[in-house]
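Data block below; observations after.
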Amino acid sequence: MSILATVAAVAASTAALAYLAVGDAKRRRVFGLPPFKRKAWQTWLAIAGVLAPAVLLLYGGGGGAGFAVWCGAVSVVGWILAATSPAQATAMGRRVTGGMAAAGRILRAMIRAARGTEDARLTRLERRVDALEAALARHEPAARPAAPRRRNGSGTKPDAAQPSGN
C-alpha cells in the first residue's frame with residue numbers, strides 16, 4: 001500500500017471518529033449540551049467506517065506497515081478528539097475544512113500548471129519535428145521510401161533456387 005492509501009485511511013477513520021464523538025451522550029452531558037438523536041444503524045455504520053480502512057490496509061498487500069501506522073495515528077487522533085471541548089472541536093473543524101479547501105485549490109492549480117507545461121512541451125516538440133522535416137526536405141532532392149526487406153534476408157525471391165551447402 002502506498003503512503004497516500006494510509007493517509008486516506010487515517011482521514012476516513014478520523015472523520016468517522018469525529019462523527020461518533022459529536023454524538024456521544026456522556027460527552028454531550030459533561031459539556032452541558034442537549035442529547036444528540038441518532039439511530040442505532042448510524043452509529044454502527046460510523047463504527048464500521050472507523051474500522052473498514054484498517055481491513056483494507058491489512059489485506060491490501062502492504063505487508064502490514066500501513067496498518068501499523070493507521071493504528072498509531074487513529075489512537076492519537078482518538079485521544080485528541082477526547083481531549084477537546086466541543087467549542088475547540090468546532091474551531092478545529094473550521095481550520096481543517098479551510099485547510100482542505102486551500103489544499104484542493106493548490107492541487108487543482110498544480111494539475112492545471114502540469115497540463116499547461118505538458119501542452120507547451122508537446123507544442124515545442126511538434127514545432128521541432130516540423131523544422132527538422134523541412135530541413136530534411138531541403139537537403140534531399142527526392143526522398144524515396146526504402147525498399148522493403150525480404151524475410152529471408154537474402155534479397156532474392158523466395159522461389160529462386162538456393163545453392164546447396166554440399
Show every side-chain hydrogen bond (donor to acceptor under 3.5 Å, both in side chains) that has at least one partner inside residues 64-78, sequence neighbours left out. S13-W70

Check the hydrophobic clustering (I, L, V, M, F, W, Y; side-chain heavy atoms under 4.5 Å; chains of links allowed) and say if [X] and [Y] are grouped together.
| X | Y | answer |
| --- | --- | --- |
| V74 | L58 | yes |
| L136 | L125 | no |
| V10 | Y59 | yes |
| L81 | L20 | yes |

Only counting residues at least two apart or in another chain, list the ones meeting side chain to side chain contact (heavy atoms under 4.5 Å, CB included) with V22. R28, F36

My understanding is that only residues two or more places apart in sequence, or in another chain, count here; which of them pass side chain to side chain contact (heavy atoms under 4.5 Å, CB included) with R128?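 Residues passing side chain to side chain contact (heavy atoms under 4.5 Å, CB included) with R128: L132.
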
Output all residues satisfying side-chain hydrogen bond (donor to acceptor under 3.5 Å, both in side chains) with T14, sequence neighbours left out; order by chain, then residue number. none

Side chains of residues 42-57: which donor-acceptor partners sit under 3.5 Å, not counting sequence neighbours?
unit_1, atom_1, unit_2, atom_2, d
Q42, OE1, K39, N, 2.9

